[in-house]
*Asks:* 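Structure in structure tokens, see below.
First the proteins, then the strands, lettered A, B, ... as listed; each starts at 1.
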Amino acid sequence: MVVLRRVLFVLSVSASALAAGCEPDLDDRPSRVLGKRVLGVRTDPPELPPGGQGVVSALFVDTTGELPSDTWTSAVCRARKPLTELGPVNPSCVDPQSTDLVPAEGQPPVAAVPDDACRLFGPDPPDPKPGEPPGRPVDPDGTGGYALPVVVRFGPNAAETAVGAVRLTCGLAGATSDDLSVYLERRRPNQNPDPPRITLADDVPVTTLEAKRGEVVTFRAGWPSCPTTAACGDGVCSPDETVKACPEDCTTPKGCGGAEVYGRFDPSTRTNVLSREAMRVSWFATGGSFDAERTGRAGDDAASTTENAWTAPTGPGTVHVWAVLRDDRGGAAWSHIVVSVL
Amino acid sequence: MRRAASILVAAALAASPTSALAQGDAPKKEVPKLTKAPKLTRFEEAPFPESEKAAGKAATVVVRISINAEGGVDDVAVVESGGAAFDTAALQAVKKFKFEPAEIDGKPAGVRILYKYEFTLREEKPTKGTLVGKIVSRGKGDPVAGVEVELDGAKKVVTDASGSFVFDDVPEGKHAIRITGKGVKEISTEETVEAGKKITVKYDLDVKDPSAQPSADDDEIEVVVTAPPLRRQVLSTEVSADQGRRVPGTQGDVLKVVESMPGVARAAVGSGALVVWGAAPQDTRVYVDGVRVPTLYHNGGFRSVVHSSLVRSVELSPGGYGSPYGRGLGGLVTVGLRPLDDDKLNGSVAVDLLDASASVRGPLGKGLQVAAAVRRSHLDQALSAFTKRDVGDLVPIPKYADGQLRVAYVPSKQTSVELGVLGSQDRIERTLVARDPADDKRETREQSFSRLYLRYRATTTDGAVVDVVPWVGKERSKLVARFGGTPTELDVAATTYALRATYRARAASFLTVTGGLDAEVQATTLRRAGSITSPAREGDVRVFGQAPSDQVNVDDWSTTIGTFAPFVEGDFALFGDRLHVVPGLRFEPYVVSGSRRTPAAGDTPAVGYVREDTAVEPRVAARLAATDRLSVKAAYGVYHQAPQPEDLSAVFGNPTLGLAKATHLLVGGAARVTDTISVEASVFQSRSEGLAVRSTSSAPLLAQALTDVGEGRAKGLQVLLRKELSGGFFGWVSYSLLRSERIDAPGRAARLFDYDQTHVVTALGSYDLGKGFEIGARGRYATGYPRTPVVGAYYDAKRDGWVPLFGAQNSIRIPAFVQLDLRVAKRFKAAGGEGEAYLDVQNVTNRKNPEELVYSYDYKTRGTITGLPILPVVGVQWSF
């Protein structure tokens, strides 16, 4: 037994040593707003066809709250990104001097989708050069969509950059004509979610709140429940409803402000399938700390709320809290509450 | 305690009557002249008197021996006494001596000599062993007397009436044995002598019946041409199993010693990648006794895939190897399995923090031998038992298992047939669940391979060696991951049919020729889904932990790659074996076929392809032994490699990728400072072209996500100062200076290779303290791998994350790695066998070695992931 105990001791020392290694020691709390930051970018509508126009919004904040829309600028990037680029945009468009940027005009700014957007960023193959085979279409994202980058500049000398996206209404790459036909029939443009409904445990919406120093407050963010099956008259033109079968929902197609059901072409099975949007909430605050930086629901999770605990700072003051709700097709919306820490 | 004996006075007193004649008036006669001194052919060891041993006494006894004309001992008398007990022991022993008779004036004659028999008490570690043998007739088993046994072409003894012979004080190591004699067919073989041990061998010889009628053949002179043993590659490092398992940091795993060899970059912790001379890990080939295996190590690099008890030696040739091998741009690792020639059952059971294993080998009777070994990891269970945290969240903890089975039929020492199975399995799984499902990190990696081979090995009567190994193998690797909301799936299943046949013979006294066929056909089916950027490739600009792009695709495809490579190599031994020139040629047609030339598009049927590309690979190596201690060498070779099946995807790769090509050039020298200390230095250069690289275009052509326009170049120096095992100590210091670069597209500037390490220094040693204790240490220094600096970042509002902006590719490095490992072991007798307990402590100084650069969420702060802290691994092994 003594020998066994000694062996176990050495094993435990070894195992503990292994456990202690490799741990990075960086503070990683993006939810803390310590200066000027963009917390969200969206266009309205979030999905546009080539030639379409959308209003660009950015949630630009600092420790005092949201900043006005004339403190940032936006533009559309026309440069296709290399295959190896992990980010959402060609790095050349992050350069303020880039010639690939087409500024959004007006106030609020309106971005125009280029006519060749589906060739630049979508499933249409690039124009072949003489003597060369056709080019490679852009791969879709996991929801089957394609994105036109929208670049937002802010901060001193507009040196800081945030990149949003407009979902493009394009066709399909590599599908049969039948599949394309079905896809187009079931396609419903994405809609931005409604601003998240922030409540406490009592489910009563809040816009202002008082909290004690160090108090733990559980916020709940909610969004509308969307129908998961097609039902004419529910106010939502589901993928399986048509103008002919359900004119009241589909004459002017309406989406849902929550987790929408949408049609997509699954490259794995090479069939048209229905999916439901995953929803995520990014939490931000100018003081205190959240349990999680983001919370959310997967597409197969029917729940329409998500919770996050926030610990108030230890000193008194005003804290701005934002919840940015995103669907995984590129739609976004946000809500803001002010917490007075006593 | 040892007894040493020596002939003190070889000058003889003539015992013939003529020597007693009076001088003076007698007719002048020539003084008899000793033309040949007597030579001791049979030594009898005198027992050390127990009473004197207990008293710690030593002595020297000088005796006068009268040797008759037949070489027998007629009389012995003490000239200088060492004490009664010593005198008696010496007299009894010397009376049993046998000599080759002295000759006086060319004729056998009796002589007297003085002989000093020393009885000494010594504590020194033995460096020599004894080889005892017996020769019997094949079939009957009768002892064969009067046969001459020659050791290393120098020492000779003749078997006595019982057919026995003995060589004392044989230095440890391999020795050539040659047996000749009237009525027997000459044979040559090789034996390994261990220090302080008596090795017993038995040879079955074909003996002609003396009563048989003489035939014409009896008068013929039989010329035996024996092919010399296979030479090592011109630049290689070979380590025996016994030494390899004693190297600190290997936890007794022989094959892990490769990591400490010159020319090998230090792999990042947990990677197990083998980076040789600046080549990508997948460019180095690993063979186990002629059977290619896909990897040398299990996932994570904690263990090799072959049990150490089956390994005889491991050799690493970082480049410039000969024509029998090919299909790889990088180095060559050849694992030699130990011969199955046990005369009794042996086995072992071992357990340590990482895994448990067992092995057994021995005879099954009638020339049949068997060996088997199994191993299974339990590190994951050990960690969960002793830590509250899920360590696997931070460090992927591998689960692995491997097994080997060998059955050999050895009808004679010249012929063997072996059926073998090699198998290995790996699994790594980790899951980090987040409050946002899109942030979940899941990863499952599975890897397995199996090999079934049949080996026929024969030495023909003319000394030629034939080795034929047909084998079939299966490989499977599967990666399923989800990171940053992007799924990744890569599933590869391959079946390989191969044949490796070599014939090696001495074509002339100065020429040994090796020829053969190296054929391999690999059929692979693949499925890949996810981002084109995941898994990452060499040359990708990214930071550790960065999520792949959210754009995804899917492809299912299959490939068949077949190669049939005849090869020939000649070893010209010139100028009395001082100069060896080894030209070789490998002719290798590659046939590459695939199921799909372009991505799936609607109902369009898939259009496959078949391509043929022939590679002609000249190789040449030369070694010059300038002096007995100094040699110089040089080698040049051309190598080709087929594209990886994973790269032949019409969606993620390019089905039209061609062969990649590399040339190796090296020049070096070696000096043997003493009999056991040597130093080798080599400079090398390799250039490669046709490497598959990412298309740099933002709008690549269809099915051309990869292009074969990459180039590589590496140059450097490697030095090895090595002390062979003697006096219980062995060790080496190796240093590699390397610069490895890649050019990703024509006209682009060269960048550092992702695995470039400028300096790699390894110093290690192991010392046998005696009484079963052994201690060893290994120190390592390695320049950190290159990384691309982050010079800025922007916010990705769609995925709520920051994206880095990069500076010049691979223009900074991870800080250097420095580590000291220690090993202490104790051998002991246990339960009818031998036990060994060891403590292998990695990173003794608990240094926080940076292994990777990491950044804060907004990339404004940079930190490092550190490697393993001090890690004691205790293990025990029992063998019988």
*Asks:* Let me know if A:Val324 has heavy atoms under 4.5 Å from chain B in its side chain, its backbone, both or neither.
*Replies:* neither
*Asks:* Sort out for me which of B:Asp540, B:Asp603, B:Leu702, B:Val841 touches chain A most, counting heavy-atom pairs under 4.5 Å.
*Replies:* B:Leu702
*Asks:* Taking every heavy-atom pair that is under 4.5 Å apart, which of B:Val803, B:Asn846, B:Asp550, B:Val541 has the most such pairs with chain A?
*Replies:* B:Asp550
*Asks:* Please determine, among A:Arg270, A:Glu293, A:Arg80, A:Arg280, the option with the most heavy-atom pairs under 4.5 Å with chain B.
*Replies:* A:Arg280
*Asks:* Under a 4.0 Å threshold between the charged nitrogen and the carboxylate oxygen, would B:Asp440 count as salt-bridged to B:Arg442?
*Replies:* yes
*Asks:* Do A:Thr143 and A:Arg167 get their side chains close enough for a donor-acceptor pair, meaning under 3.5 Å?
*Replies:* yes
*Asks:* With chain B as the partner, which of A:Pro88, A:Gly164, A:Pro82 has the greatest number of non-hydrogen pairs under 4.5 Å?
*Replies:* A:Pro88
*Asks:* Under 4.5 Å heavy-atom distance to chain B, tell me which part of A:Leu172 shows up: side chain, backbone, both or neither.
*Replies:* neither
*Asks:* Where does B:Ala434 contact chain A at under 4.5 Å (heavy atoms): side chain, backbone, both or neither?
*Replies:* neither
*Asks:* Using a cut-off of under 4.5 Å on heavy-atom pairs, state which of A:Pro134, A:Pro91, A:Ala147, A:Gly40 scores highest against chain B.
*Replies:* A:Pro134
*Asks:* What part of A:Glu85 is in contact with chain B, defined as an atom under 4.5 angstrom from a non-hydrogen atom: side chain, backbone, both or neither?
*Replies:* both
*Asks:* Please rank A:Leu120, A:Thr295, A:Asp328, A:Thr161 by heavy-atom pairs under 4.5 Å with chain B and give me the top one.
*Replies:* A:Thr295
*Asks:* In plain terms, say whether B:Arg527 and B:Asp556 are close enough for a salt bridge, that is, a side-chain N and a carboxylate O under 4.0 Å apart.
*Replies:* yes
*Asks:* With chain B, which of A:Gly331, A:Pro267, A:Ala173 has the greatest number of heavy-atom pairs at distances under 4.5 Å?
*Replies:* A:Pro267
*Asks:* A quick test of your reading: do over 12 heavy atoms of other residues, nucleotides or ligands sit less than 6.0 Å from CZ of B:Phe544?
*Replies:* no
*Asks:* Just so I understand: if I count every heavy-atom pair under 4.5 Å between each of B:Ile532, B:Asp439, B:Leu805 and chain A, which residue has the most?
*Replies:* B:Asp439
*Asks:* Heavy-atom distances under 4.5 Å only: say whether B:Tyr855 touches chain A with side chain, backbone, both or neither.
*Replies:* backbone
*Asks:* At what distance, to the nearest 0.5 angstrom, does CZ of A:Arg220 lie from CG of A:Asn308?
*Replies:* 12.5 Å
*Asks:* Is chain B contacted by the side chain of A:Ala175, its backbone, both, or neither, given a heavy-atom distance below 4.5 Å?
*Replies:* backbone
*Asks:* Please state whether the side chain, the backbone, both or neither of A:Arg326 comes within less than 4.5 Å of a heavy atom of chain B.
*Replies:* side chain
*Asks:* Tell me, side chain or backbone of A:Pro126 under 4.5 Å from chain B's heavy atoms, or both, or neither?
*Replies:* side chain
*Asks:* Under a 4.5 Å heavy-atom cut-off, does chain B meet the side chain of A:Arg42, its backbone, both or neither?
*Replies:* neither
*Asks:* How are the rings of A:Trp283 and A:Phe219 set relative to one another: parallel (under 30°), tilted (30 to 60°) or perpendicular (over 60°)?
*Replies:* parallel
*Asks:* Determine, step by step, whether B:Asn843 and B:Leu868 satisfy the side-chain contact (heavy atoms from CB on, under 4.5 Å) criterion, reporting the C-alpha distance in whole Å, the side-chain angles of both residues, the deciding distance to 0.1 Å, and the verdict.
*Replies:* CA-CA 8 Å; B:Asn843 195 12; B:Leu868 296 177; 5.8 Å; no
*Asks:* For the candidates A:Leu86, A:Asp291, A:Val38, which exhibits the highest count of non-hydrogen atom pairs separated by less than 4.5 Å from chain B?
*Replies:* A:Leu86
*Asks:* Please check if any side-chain donor atom of A:Thr84 sits under 3.5 Å from a side-chain acceptor atom of B:Arg694, or the reverse.
*Replies:* no
*Asks:* Does any backbone or side-chain atom of B:Val651 lie under 4.5 Å from a heavy atom of chain A? Answer side chain, backbone, both or neither.
*Replies:* both
*Asks:* Say whether B:Tyr795 and B:Asp800, considering side chains only, have a donor N or O and an acceptor N or O under 3.5 Å apart.
*Replies:* yes
*Asks:* Assess, by modelled atom type and distance only, whether the side chains of A:Thr306 and A:Arg297 contain a donor and an acceptor separated by less than 3.5 Å.
*Replies:* no
*Asks:* Ignoring hydrogens and angles, state whether a donor on the side chain of A:Thr176 or A:Asp178 is under 3.5 Å from an acceptor on the partner side chain.
*Replies:* no
*Asks:* What pair of heavy atoms forms the shortest contact from A:Glu47 to A:Asn190, and how long is it?
*Replies:* OE1-N, 2.9 Å
*Asks:* Heavy-atom cut-off 4.5 Å, strictly under: side chain, backbone, both or neither for A:Val41 against chain B?
*Replies:* both
*Asks:* Taking atom types as modelled and ignoring hydrogens, do the side chains of B:Thr533 and B:Ser531 form a donor-acceptor contact shorter than 3.5 angstrom?
*Replies:* yes
*Asks:* Looking only at heavy atoms and a cut-off of under 4.5 Å, which of B:Arg799, B:Arg537, B:Glu852 has the most pairs with chain A?
*Replies:* B:Arg799
*Asks:* Pair A:Val61, A:Phe284 - check side-chain contact (heavy atoms from CB on, under 4.5 Å), show working.
*Replies:* CA-CA 10 Å; A:Val61 304; A:Phe284 303 94; over 6 Å; no
*Asks:* Quick one: what part of B:Pro599 sits under 4.5 Å from any heavy atom of chain A, side chain, backbone, both or neither?
*Replies:* neither
*Asks:* What part of A:Phe154 gets closer than 4.5 Å to chain B, counting heavy atoms only: side chain, backbone, both or neither?
*Replies:* neither
